[in-house]
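Everything on this sheet refers to the single structure shown next.
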Amino acid sequence: MSSGLEVLKARGFIKQCTDFEKLDKLMSEKRISFYAGFDPTGKSLHVGHMVPLMAMAHLQRAGHRPLSLVGGGTALIGDPSGKTEMRKIQTVEKIQENSTSMKKQIEKFIDYSDDKALMLNNYEWLGKLNYIEFLRDIGRHFSVNRMLGFETYKMRLETGLSFIEFNYQLLQSYDFLVLNQQHGCMLQIGGDDQWGNIVAGVDLTRRVESNEVFGLTFPLVTRADGKKMGKTEKGAVFLDPDLFSPYDYFQYWRNIADADVEKFLLLFTFLSVEEIKELGKLEGQEINRAKEILAYEQTRIIHGKEEADKAKEAARAAFTPQGSTSVDKSAIPSITVDKAELETGINVMDLFSRTALCSSRGEARRLVTQGGASINEVKITDINKSIDFTFVEDNELLLKAGKKRYFRVIVS
RNA sequence: GGGGAGGUUCCCGAGUGGUCAAAGGGGGCAGACUGUAAAUCUGUUGGCUACGCCUUCGAAGGUUCAAAUCCUUCUCUCCCCA
């Protein structure tokens, strides 16, 4: 039986592992349970969570059992790893609420039928922890000297680290221990910034239970332009279609840098490695084909085939000069406007600022002045222009800001 | 608890009574170039009923014709001592 680790390795998922050979052997012999944690600090998962999710899916396909741990308890504290400042502490209610909605998203991704995977919330055991007992049973295994040596803490020692954050590692280690005890969890996977916390959990489990468990980290995925994955000017790229439309999601992937194409196809699609290598060979304009495939696959995984098809159609329609009249543009985000309003005419700036294209009238003014605004491919440069029925085509207006941001206005 | 340094527009960071909607950089947006890339160059970057008006420089008051800049109190952060 293939352990599944080779797949991860071939696809570039692996940065560090506590003991790759041993783990590979173990996973080839039997199916194991493994876990990844998700912090419910927001209402939705975002693209930054895709790497662990994809890794879990791959391992599940190889026959192993994923435990998705929603950090309802740990989120109350805030992980200092890789951050320069303390995270805002949120209310218990808010975090519980976030946990449930994130749970739904992960469920879409991992097969939870017949106990093939479990969804857990560490609030169950962290919430009722007794401080004295915890210190005595768990705290004694941690050496402050050692912890201070970790890179993550070193950094924070410069700027300041509160005691509550310093404790984070103990709680995360405790999670691993509990999961090992209750579910026989043998492996924790996570981003490379979690390495210290993961190793600490491995140590704790060995000390308390004398069980050898493993840790595995993914490389921190950055884009070729050095920016963090999943961030746009407008904020995070959420998986929730209400926060980030499938069309925009498609476009996000469609617009990645050339240099990232092959890497991302490996990490974020299920296409075979051979197939991806072929796509990676494309050059020049051709590479756009690979980007489209990436965008399509990702959108399909997250939003389903139907939405992915629509997004692809809509993107093609919007970016193919004329011609394709009867294509479905319905995936492009839209607002509706009353027929009567158009009879009298709406000022360009007003119209644009009503859409997600411009957040204020001033921004719309700038856009128009600088020649970045057009309606149904007709450039508008006069800020006093009144938009009326003469602009309407197919009962709608296709607004464009810059070269690639589209928005529809439907007349009703 | 004592002493010191600070909180400036999306971020970093100038500004210490009018010439400040606030230098510079980053980021963003737009234009040119392109392949719905990258790099580069240029413009732009609080809001509005726009040659004027309104809101912004941690919070609340006060001094002044006039404050981001001065005074008072509060609050938060960092550093040193205990």
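Source: prediction; values computed, not measured. Chain letters run A, B, ... following the sequence lines, proteins first and then strands; every chain starts at 1.
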To the side chain of [X], which of [options] is closest?
X        : options             : answer
A/Arg405 : B/G35, B/A30, B/U36 : B/A30
A/Ala257 : B/G47, B/A37, B/G35 : B/A37
A/Arg361 : B/U36, B/C48, B/A37 : B/C48
A/Ser360 : B/G47, B/A30, B/A50 : B/G47
A/Asp258 : B/G28, B/G35, B/U36 : B/G35

Check: B/G43 base within 3.5 Å donor-acceptor of A/Gln370 side chain: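 Answer yes: a donor N or O sits under 3.5 Å from an acceptor.
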Would you write out the dot-bracket form of RNA chain B, 5' to 3', with Watson-Crick and G-U pairs under 3.5 Å, [ ] for crossing pairs, | for pairs to other strands and . for unpaired bases? (((((((..(((.....[.....)))((((((.......))))))(((...)))...(((((..]....)))))))))))).
Tell me, with the steps shown, if A/Gln298 and A/Thr269 meet side chain to side chain contact (heavy atoms under 4.5 Å, CB included). CA-CA 6 Å; A/Gln298 252 303 306; A/Thr269 72; 5.6 Å; no
Set of residues satisfying ring pair (Phe, Tyr, Trp, His ring centres under 6.0 Å) with respect to A/Tyr406, sequence neighbours excluded: A/Phe319
Round to a whole Å and report the spacing from [atom1] of [X] to [atom2] of [N].
X        : N     : atom1 : atom2 : value
A/Arg223 : B/G27 : CZ    : C1'   : 12 Å
A/Ile383 : B/U49 : CD1   : P     : 11 Å
A/Arg289 : B/U36 : CZ    : P     : 15 Å
A/Asn384 : B/A50 : CG    : P     : 10 Å
A/Lys291 : B/A37 : NZ    : C1'   : 4 Å
A/Lys404 : B/G35 : NZ    : P     : 13 Å
A/Gln251 : B/A37 : CD    : P     : 10 Å
A/Arg254 : B/A37 : CZ    : C1'   : 9 Å

Taking the [atom1] atom in each of [N] and [M], what is the distance between them to the nearest angstrom?
N     : M     : atom1 : result
B/C48 : B/U56 : C1'   : 14 Å
B/A22 : B/C54 : P     : 16 Å
B/A32 : B/A38 : C1'   : 16 Å
B/U73 : B/A82 : P     : 28 Å
B/U8  : B/G1  : P     : 26 Å
B/U49 : B/G25 : P     : 31 Å
B/U55 : B/C81 : C1'   : 43 Å
B/C80 : B/C29 : P     : 41 Å

Would you mind reporting whether [Y] and [X] have side-chain heavy atoms less than 4.5 Å apart?
X        : Y        : value
A/Lys291 : A/Trp253 : no
A/His46  : A/Asp240 : no
A/Phe391 : A/Leu342 : no
A/Tyr123 : A/Val70  : no
A/Ile375 : A/Val378 : no
A/Lys310 : A/Glu313 : no

Could you pick out which residue, A/Gly362 or A/Ala401, lies toward the 5' side of RNA chain B when each is mapped onto its nearest nucleotide?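 Looking at RNA chain B, the more 5' nearest nucleotide goes with A/Ala401.
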By nearest-heavy-atom nucleotide on RNA chain B, the more 5' of A/Gly372 and A/Asp350 is A/Gly372
Pick out which of A/Asp175, A/Leu118, A/Asn121 makes a side-chain contact (heavy atoms from CB on, under 4.5 Å) with A/Leu69. A/Asp175
So, OP1 or OP2 of B/G28: does either fall under 4.0 Å of a side-chain N or O from A/Arg366? no
May I ask you to say what A/Ile287 touches in the nucleic acid, namely base, sugar-phosphate or nothing, with a heavy-atom cut-off under 4.0 Å?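 The residue A/Ile287 makes base contact.
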Quick one: label A/Gly284 by what it contacts on the DNA or RNA (base, sugar-phosphate, nothing), any heavy atom closer than 4.0 Å. base
Got a list of protein N/O to nucleotides 32-34 of chain B N/O distances below 3.5 Å?
from: B/C33; atom 1: N4; to: A/Lys403; atom 2: NZ; distance (Å): 2.7

Which of parallel (below 30°), tilted (30 to 60°) and perpendicular (above 60°) describes A/Phe270 and A/Phe109? tilted
A/Arg361 side chain to A/Met349 backbone, donor-acceptor under 3.5 Å: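 Looks like no, no N/O pair under 3.5 Å.
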Using the purine O4'-C1'-N9-C4 or pyrimidine O4'-C1'-N1-C2 torsion, is B/C51 syn (within 90° of 0) or anti?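 You should classify B/C51 as syn.
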Pair A/Glu377 + A/Lys400, salt bridge at N-O below 4.0 Å: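 Counted as a salt bridge, because a side-chain N and a carboxylate O are separated by less than 4.0 Å.
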